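Have a look at the structure below before the remarks.
All values derive from a computational prediction rather than experimental measurement. When a residue number appears, it is its place in the shown sequence, counting from 1.
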Amino acid sequence: RFIPLKTTHARPLTHPTRGKKSYLARQSVRPAVVVASVTRAGQTRRFLMQSNVTISVDGASADLRARVVREFAQRFGAPPAFLARAPGRVNLIGDYTHNDGFVLPMAIDRSVWIALRPRDDRRVVIYSLDFAQRAGFEMNAEMSSSLARKSGWIEHVHGVAWALRDAGYPLGRGWDGVTAGDVPVGLGLSSNAALELATARAFAALGGVGWEPITMARVAQRAETEWIGADGNITGQLVAAAGVAGHALLIDRRSLEMKA
């Protein structure tokens, strides 16, 4: 299941696969938190306090969370206003299923985190701890998929911004961010999808947009295929958007119906 955020300023959302309530939290006492929290089944979890927000995370994820918060404060001179998190995944069944059958993936306890704070302009500026690199882009009318097949980690963020705007979502202001992840790259664990969905959560939080897992997974897939120009299916994005802690996620790739 999702671990809910406990805060007096939370806004309830209904999880599409379980009918349970999860939360996006924002509060007047900063920093606030926006997370999709997934932990290893059976592992003891500990609670961390950030202002008056309580979230449940495992030890490794807590360390990574602390790193991005600390690095953000050092680079931008103040704590982040939001944290976004999305997990990687493994496939249990269906590695060779394309768009016409069932797959059975599950979220893992490796994630991508983004600490962020809104800016007064429309520029997105992010520092990656994994690549020791600062990058950014302008959210303007020149964002076009005709400039596709870009490379580099920042283009997954840029592509999500383009796909969200193209789908009619209000992007609003830009933001400063620090990101880091512990999803191994190049091993089929959907590290790119985790970055894309953490980015989607960041934009959704800043824009006050309710979280719709299937819609956001489709947005992230468009970023992957049309902006980056990479081949791939939507499984990783669906798990990063709708994974349930301690459960596999049965997905019908024809309808995208999901059941935990």
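- Distance check, rounded to the nearest 0.5 Å: CG of L197 to NE2 of H156 gives 12.5 Å.
- Salt bridge annotation for R75-E71: present, with a cationic side-chain nitrogen under 4.0 angstrom from a carboxylate oxygen.
- Note that CZ of R134 is 11.0 Å distant from CD1 of I154, once rounded to the nearest 0.5 Å.
- The line from CD of E224 to CD of E155 is 12.5 Å long, rounded to the nearest 0.5 Å.
- Counting heavy atoms from C-beta outward, E257 and I251 have side chains that stay 4.5 Å or more apart.
- Minimum interatomic distance between A204 and W211 (heavy atoms only, all atoms of both residues): CB-CE3, 4.2 Å.
- Residues R117 and F76 approach most closely at NH2-O, 3.3 Å, considering heavy atoms.
- When all heavy atoms of A260 and V244 are compared, the closest pair comes out as CB-CG2, 3.8 Å.
- Listed here is the closest heavy atom pair of T235 and P105: CG2-CG, 3.7 Å.
- Between L129 and V178, some side-chain heavy-atom pair lies under the 4.5 Å cut-off.
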Step-by-step side chain to side chain contact (heavy atoms under 4.5 Å, CB included) determination, F102 to I93: CA-CA 8 Å; F102 292 90; I93 300 173; over 6 Å; no
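- Minimum interatomic distance between G236 and S190 (heavy atoms only, all atoms of both residues): CA-OG, 3.4 Å.
- Side-chain rings of W175 and F82 stay apart, their centers remaining 6.0 Å or farther from each other.
- Scanning for side chain to side chain donor-acceptor pair (under 3.5 Å) contacts around D252 gives R254, with sequence neighbours left out.
- Partners of R119 by side-chain contact (heavy atoms from CB on, under 4.5 Å), not counting sequence neighbours, listed by chain and number: D121, R123, V125, D176.
- For the pair R222 and W227, the NZ or CZ position fails the cation-pi test of under 6.0 Å to the six-membered ring centre and within 45 degrees of the ring normal.
- Here the straight-line distance linking atom CD1 of I126 with atom CZ of F131 works out to 12.5 Å at 0.5 Å rounding.
- Note on L187 and V185: separate hydrophobic clusters, where clusters join Ile, Leu, Val, Met, Phe, Trp and Tyr whose side-chain heavy atoms are under 4.5 Å apart, directly or indirectly.
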Derivation and outcome, side chain to side chain contact (heavy atoms under 4.5 Å, CB included), residues F203 and V124: CA-CA 11 Å; F203 277 114; V124 174; 4.2 Å; yes
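- No side-chain N or O of S128 forms a donor-acceptor pair with one of D130 less than 3.5 Å apart.
- The distance from the CD atom of Q221 to the CD atom of E196 is 9.5 Å, given to the nearest 0.5 Å.
- A heavy-atom distance below 4.5 Å is found between the side chains of L164 and M216.
- Between R85 and R201, the closest side-chain pair of non-hydrogen atoms is not below 4.5 Å.
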Check against side chain to side chain contact (heavy atoms under 4.5 Å, CB included), V239 and M106: CA-CA 7 Å; V239 176; M106 66 181 297; over 6 Å; no
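- Here the side chains of R110 and P184 are in contact, with some heavy-atom distance below 4.5 Å.
- A 4.5 Å side-chain heavy-atom check between M139 and R165 finds every atom pair outside the cut-off.
- Panel note: side chain T179, backbone W113; a donor-acceptor pair is recorded below 3.5 Å.
- Between L189 and V90, some side-chain heavy-atom pair lies under the 4.5 Å cut-off.
- A pairwise comparison of heavy atoms in M258 and A242 identifies CE-CB, 3.9 Å as the closest pair.
- For the residue pair Q133 / W153, a side-chain donor-acceptor distance below 3.5 Å is found, with atom types taken as modelled.
- Judged as a side chain to side chain donor-acceptor pair (under 3.5 Å), and not counting sequence neighbours, T199 has no contacts.
- Contact check for L206 versus R173: no side-chain heavy atoms found under the 4.5 Å cut-off.
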Audit row: L195, V157, side chain to side chain contact (heavy atoms under 4.5 Å, CB included) steps and yes/no: CA-CA 7 Å; L195 175 58; V157 180; 4.2 Å; yes
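- The line from CG of L92 to CZ of R89 is 10.0 Å long, rounded to the nearest 0.5 Å.
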